[in-house]
Amino acid sequence: MTRTTTTTRRTLLTAAAAAALALTLAACGSDAMSGMDHGAAPSATGSAAGHDMPGMSHGPDGMAGMSHGPAGSSDGLVAEQGGYRLDGALAGAEYRFTVTDPDGKVLTSYQPEQTKEMHFYAIRSDLSGFQHLHPVRSADGTWTASLAALQSGEWRMYASFVPGAGSGKGTGLVLSRTATVAGQATPVPLPAAATTGTVDGYTVTVAGAPKAGAAGELTVTVSKDGQPVTDLEPYLETYAHLTAFHAGDQAFAHLHPETAVTTGGGGPALSFHAELPKAGDWRLFLQFQTGGALHTAALTLNVAA
């Protein structure tokens with residue numbers, strides 16, 4: 001009887017252990033999937049069910065990457081992040097778009113950043129044709145950006161904003177999609193890397209050697225006819241606005257100003273916090289204002305690994 005009882009107990013313990021192992025494996029499989037975005041899967045054209053406006057089309061980037069929470073560490077090359085999604089279409093000289101929140105509803109609440117609820121950028125794949133606009137939002141949450149004429153070719157449209165609602169409230173995001181302008185495209189060669197650029201008689205000089213993925217500083221000096229410029233006017237709560245786009249993939253970076261606006265004119269030297277995530281050539285666009293006129297200077301900056 002003793003041997004029989006012992007054998008029976010061993011059999012029962014073995015079965016119980018196997019059952020516990022199976023339950024543990026099942027639970028692990030469930031946990032591994034819980035961190036994934038389980039919203040409607042995008043179709044081959046990049047649209048997600050329930051998120052599109054009528055008549056909207058999508059570029060080849062429409063297959064957005066998985067959302068991993070609202071943290072804004074994107075280089076601007078995804079259409080969806082943290083549950084927020086950009087959908088838009090180009091119609092002539094207008095780009096109409098919406099942003100949907102993690103609940104799939106059109107976002108209508110935004111927090112101003114540098115005086116604007118939305119900063120919109122357009123640039124061609126060869127980094128020519130730069131435009132920085134502040135579109136108009138209708139009551140239903142649809143934005144309309146009125147663009148200058150676009151040359152034929154592939155363009156990327158960026159929406160830079162801070163949600164005023166949803167799980168990502170207060171977190172800066174940059175989302176983008178591509179759009180195609182019909183016709184024969186003639187690529188514009190990227191200008192060689194240089195420390196200076198000119199526009200409207202002004203010369204801008206950039207000093208600093210940022211490294212990919214590391215925080216650094218750039219100093220921009222503005223001059224005219226060889227003389228330092230000291231009459232820069234406030235533009236978007238600063239004396240200059242600086243954005244950059246990476247050659248090859250059009251990754252986006254906004255270089256934040258560190259020079260405070262004071263009474264009187266600004267200049268000639270302006271400091272910017274620079275975090276450029278990738279090595280290689282970046283096309284920089286510096287916007288500043290004098291005499292009520294906005295100027296946009298461009299130059300190519302090479303960033304070391």
Side-chain angles (χ1 to χ4, degrees), residues 46 57-62 64 74-79 81 86-97 99 113-114 116 118-135 143-161 172-194 197 199 204 206 218 235-236 240-256 272 274-278 280-288 294-303:
S57 61
H58 306 284
D61 63 316
S74 170
D75 57 8
L77 295 178
V78 296
Q81 186 177 2
L86 171 70
D87 284 295
L90 186 63
E94 289 187 343
Y95 191 79
R96 297 179 66 245
F97 64 96
V99 175
E113 181 184 24
Q114 288 192 264
K116 303 296 181 180
M118 179 68 68
H119 293 266
F120 180 86
Y121 304 89
I123 198 162
R124 207 167 72 149
S125 58
D126 57 7
L127 305 188
S128 66
F130 169 79
Q131 295 187 47
H132 173 197
L133 307 172
H134 305 113
W143 294 91
T144 300
S146 299
L147 296 156
L150 301 178
Q151 294 185 349
S152 300
E154 291 292 322
W155 288 75
R156 185 169 284 275
M157 310 295 181
Y158 306 79
S160 176
F161 61 95
L173 295 171
V174 180
L175 305 178
S176 71
R177 284 194 178 275
T178 57
T180 301
V181 178
Q184 182 64 40
T186 303
V188 176
L190 183 71
V199 61
V204 297
V206 175
L218 288 179
Y235 171 64
L236 302 176
H241 186 272
L242 184 59
T243 46
F245 300 85
H246 187 248
D249 61 4
Q250 298 171 278
F252 172 93
H254 178 209
L255 285 69
H256 296 274
F272 293 87
E275 287 191 48
L276 300 170
K278 302 178 182 181
D281 287 333
W282 289 78
R283 191 69 172 158
L284 271 57
F285 295 89
L286 179 80
Q287 296 182 283
F288 60 95
L294 183 64
H295 314 282
T296 302
L299 59 86
T300 302
L301 177 71
N302 185 263
V303 174

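Along the sequence shown, the residues carry numbers beginning at 1. Treat the numbers as computed from the prediction; the structure is a model and nothing was measured.
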State which residue, out of Leu242, Val199, Leu294, fulfils the side-chain contact (heavy atoms from CB on, under 4.5 Å) condition with Phe288.
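Result: among Leu242, Val199, Leu294, Val199 is the only option passing the side-chain contact (heavy atoms from CB on, under 4.5 Å) with Phe288.
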So, applying side-chain contact (heavy atoms from CB on, under 4.5 Å) with Asp281, which one of Asn302, Val303, Leu127, Leu301 is it?
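So the option named by the test is Asn302.
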Evaluate Glu275 against His256 for side chain to side chain contact (heavy atoms under 4.5 Å, CB included), listing each step before the verdict.
CA-CA 9 Å; Glu275 287 191 48; His256 296 274; over 6 Å; no
Please give me the minimum heavy-atom distance between [X] and [Y], naming the atom from each residue.
| X | Y | value |
| --- | --- | --- |
| Ala253 | Leu276 | CB-CD2, 3.6 Å |
| Ala274 | Leu255 | CB-CD2, 3.8 Å |
| Gly183 | Ser152 | CA-OG, 3.4 Å |
| Val204 | Ala297 | CG2-CB, 3.7 Å |
| Ala79 | Leu175 | O-CD1, 3.7 Å |
| Ala251 | Trp282 | O-CZ3, 3.4 Å |

Would a distance-only check, ignoring hydrogens and angles, find a side-chain to backbone donor-acceptor pair under 3.5 Å from [X] to [Y]?
| X | Y | result |
| --- | --- | --- |
| Gln131 | Ala122 | no |
| Asp126 | Val188 | yes |
| Ser176 | Arg156 | no |
| Thr300 | Arg283 | no |
| Arg177 | Leu86 | yes |

Decide yes or no for [X] and [Y]: does some side-chain heavy atom of the first lie under 4.5 Å from some side-chain heavy atom of the second?
| X | Y | value |
| --- | --- | --- |
| Glu154 | Gln250 | no |
| Pro135 | Thr144 | no |
| Leu218 | Leu284 | yes |

Indicate whether any N or O donor in one side chain lies under 3.5 Å from an N or O acceptor in the other, for His132 and Gln287.
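There is such a pair between these side chains.
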Gap between atom [atom2] of [Y] and atom [atom1] of [X] - 0.5 Å precision:
| X | Y | atom1 | atom2 | answer |
| --- | --- | --- | --- | --- |
| Leu236 | His134 | CG | NE2 | 4.5 Å |
| His246 | Leu77 | NE2 | CG | 10.0 Å |
| Arg124 | Gln151 | CZ | CD | 5.0 Å |

Start with the C-alpha gap between Met118 and Trp143, add the side-chain angles, then the distance that decides, and say whether side chain to side chain contact (heavy atoms under 4.5 Å, CB included) holds.
CA-CA 9 Å; Met118 179 68 68; Trp143 294 91; 3.6 Å; yes
Do Phe272 and Leu286 pass the side chain to side chain contact (heavy atoms under 4.5 Å, CB included) test, and can you show the C-alpha distance, the side-chain angles, and the key distance before you say yes or no?
CA-CA 11 Å; Phe272 293 87; Leu286 179 80; 3.9 Å; yes
Identified ring pair (Phe, Tyr, Trp, His ring centres under 6.0 Å) counterpart of Tyr121 within the set Trp155, Phe161, Phe252, Tyr95:
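The ring pair (Phe, Tyr, Trp, His ring centres under 6.0 Å) with Tyr121 is passed solely by Phe252 among Trp155, Phe161, Phe252, Tyr95.
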Leu147/Leu90 under side chain to side chain contact (heavy atoms under 4.5 Å, CB included): CA gap, chis, key distance, verdict
CA-CA 10 Å; Leu147 296 156; Leu90 186 63; 3.9 Å; yes
